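Single-structure report; data block below.
Here the structure is a predicted model, which is why all the values come from computation and not from measurement. Atom set for the values below is all heavy atoms of this structure, side chains included, hydrogens, waters and symmetry mates excluded.
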Amino acid sequence: MLANTIPVPLRSQSLSPSGGGVAHGFFSRSGGVSRGIYRGLNVGRGSKDDPDSVEENRRRVAAYFGAGPDRLASLHQVHSADVVTVSAPHVGARPQADGIVTSTPGLIVCVLTADCGPVLFADANAGVVAAAHAGWKGALTGILEETIAAMEAAGARRSNIAAVLGPTISQENYEVGPEFLDRFVEADADNTRWFRPSVQSGHAMFDLDGYIVDRLQRAGVAAHSLKICTYADEERFFSYRRTTHRGEADYGRQISAIMLENG
């Protein structure tokens, strides 16, 4: 396989320490074969992209991990707080959930995003990794905490878990209406700190990035964000909100994935 067919993702040292054992990547649009509005590494089977291009892009992602595409374990994401623990790739329909945990070496667990927060987790000592799709609804209703709990059930120790938030829409580009703000304040009055006024009356700008990292840290894990905005960086990332603002018919999805290495 030619080296230039394998995409190079963003990474964090906290997830893959020098001792090895964990491979991961927050993939961008770079390194794929899709064209048009899906240009690059679109892995979204739910998009209207050419299916052959999507499958080739998924093969390239798996190749980065030294594996075949059949080792990619993904989800039917539904903006929930539901988590599954897996030991083998899915056969048939993907489970409806937004968090996925494994302690099986060679199995690549992943989530797809296009503005929502992709969070990768690892307890390298225990040999447990996870991925979570954290949009505003999932984050508010507990997807992060539920993923951590599922990791503990698989043998991880909360104090040893590292969590990293990948490319996510930034506060500068995330305007929300008053009913959105009300929902967060009803859940916790302190949530007002994640909003600042918008230029549009009655609206606010929401800091999803900061909110996710804060919930992770309050849950007792070491967490940080890559601080990269999907909306602002069209060259590297797909963005649902950018597509909506432009009135485009569809959008691509980027993938964030993590795997325990064999041996």
Side-chain angles (χ1 to χ4, degrees), residues 10 26 28-29 36-40 42 44 46-48 76-82 96 98-99 111-119 132-147 163-219 223-256:
L10 299 163
F26 297 94
S28 67
R29 299 177 73 154
I37 60 174
Y38 308 106
R39 177 187 52 78
N42 171 36
S47 71
K48 298 176 184 177
H76 178 183
Q77 297 170 188
V78 290
H79 297 277
S80 69
D82 297 328
Q96 293 192 18
D98 290 86
V111 290
L112 278 57
T113 57
D115 283 339
C116 291
V119 184
H133 163 249
W136 71 262
K137 187 174 182 180
L140 180 64
T141 57
I143 185 60
L144 304 168
E145 293 83 355
E146 291 298 323
T147 302
V164 178
L165 172 61
T168 306
I169 191 169
S170 66
Q171 185 174 28
E172 289 71 21
N173 295 296
Y174 198 175
E175 185 179 54
V176 298
E179 71 289 342
F180 186 104
L181 172 59
D182 291 345
R183 186 180 290 114
F184 273 77
V185 173
E186 286 171 8
D188 183 346
D190 191 45
N191 281 335
T192 54
R193 62 193 173 120
W194 304 116
F195 297 85
R196 63 174 173 77
S198 167
V199 294
Q200 184 175 353
S201 178
H203 287 61
M205 309 302 289
F206 177 49
D207 185 4
L208 176 63
D209 188 295
Y211 180 72
I212 289 172
V213 172
D214 181 68
R215 286 199 66 142
L216 288 165
Q217 292 174 343
R218 287 193 287 119
H224 73 271
S225 168
L226 296 185
K227 289 290 185 182
I228 297 172
C229 178
T230 48
Y231 184 101
D233 194 341
E234 183 176 4
E235 182 63 26
R236 289 198 295 170
F237 302 106
F238 299 109
S239 166
Y240 167 75
R241 179 160 287 223
R242 188 175 62 233
T243 289
T244 301
H245 286 169
R246 291 180 176 175
E248 294 172 337
D250 197 15
Y251 58 100
R253 284 79 159 170
Q254 50 255 347
I255 189 170
S256 299

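For the pair P118 and F26, the tightest heavy-atom approach, listed with the atom from each and the gap, is O-CE2, 3.6 Å. The shortest heavy-atom contact between L208 and G117 is CD2-N, 4.3 Å. In terms of heavy atoms, N173 sits closest to A232 at ND2-CB, 4.0 Å. For the pair F238 and R29, the tightest heavy-atom approach, listed with the atom from each and the gap, is CE2-NE, 3.4 Å. V119 approaches A134 most closely through the heavy-atom pair CG2-CB, 4.5 Å. Counting all heavy atoms, side chain and backbone alike, L226 lies closest to G166 at CD1-CA, 4.0 Å.
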Next item on the list: List the steps, then state whether side-chain contact (heavy atoms from CB on, under 4.5 Å) holds for Q96 with D82.
Entry: CA-CA 8 Å; Q96 293 192 18; D82 297 328; over 6 Å; no
Notebook entry, point to check: Could you walk me through whether R253 and S47 pass the side-chain contact (heavy atoms from CB on, under 4.5 Å) check?
Noted result: CA-CA 8 Å; R253 284 79 159 170; S47 71; 3.2 Å; yes
Margin query: Is there a side-chain contact (heavy atoms from CB on, under 4.5 Å) between E175 and M205? Walk through the geometry before answering.
Written below: CA-CA 4 Å; E175 185 179 54; M205 309 302 289; 3.7 Å; yes
Next item on the list: Please report the C-alpha distance between I37 and T243 in whole Å, then the side-chain angles of each, then the deciding distance to 0.1 Å, and finally whether the side-chain contact (heavy atoms from CB on, under 4.5 Å) criterion is met.
Entry: CA-CA 9 Å; I37 60 174; T243 289; over 6 Å; no
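Note that the OG1 atom of T192 and the CG atom of L181 stand 8.0 Å from one another [nearest 0.5 Å]. Between the CD1 atom of I169 and the SG atom of C116 there is a distance of 9.0 Å, given to the nearest 0.5 Å. Here the straight-line distance linking atom CD1 of I212 with atom CG of L165 works out to 5.0 Å at 0.5 Å rounding. The distance from atom OH of Y211 to atom OH of Y174, rounded to the nearest 0.5 Å, is 11.5 Å. The line from CZ of R242 to OH of Y231 is 8.0 Å long, rounded to the nearest 0.5 Å. Note that CG of L144 and CD of Q217 are 11.5 Å apart. Values are rounded to the nearest 0.5 Å.
Between the side chain of D207 and the backbone N or O of Q171, no donor-acceptor pair lies under 3.5 Å. For Q77 (side chain) and L112 (main-chain N/O), a donor-acceptor pair under 3.5 Å exists by modelled atom type.
Judged by distance alone, the side chains of D250 and Y38 do bring a donor and an acceptor atom under 3.5 Å apart. Between S170 and E172, the side chains place a donor N or O and an acceptor N or O closer than 3.5 Å (distance only, hydrogens not considered).
Between F195 and F184, the angle of the ring planes goes over 60°, which puts this pair in the perpendicular group of the 30/60° scheme.
For the pair F237 and I228, the minimum side-chain heavy-atom distance is below 4.5 Å. The side-chain heavy atoms of R236 and L10, taken from C-beta on, include a pair separated by under 4.5 Å.
Under the side-chain hydrogen bond (donor to acceptor under 3.5 Å, both in side chains) rule, S239 has a single partner from T113, D115, D233, which is D115.
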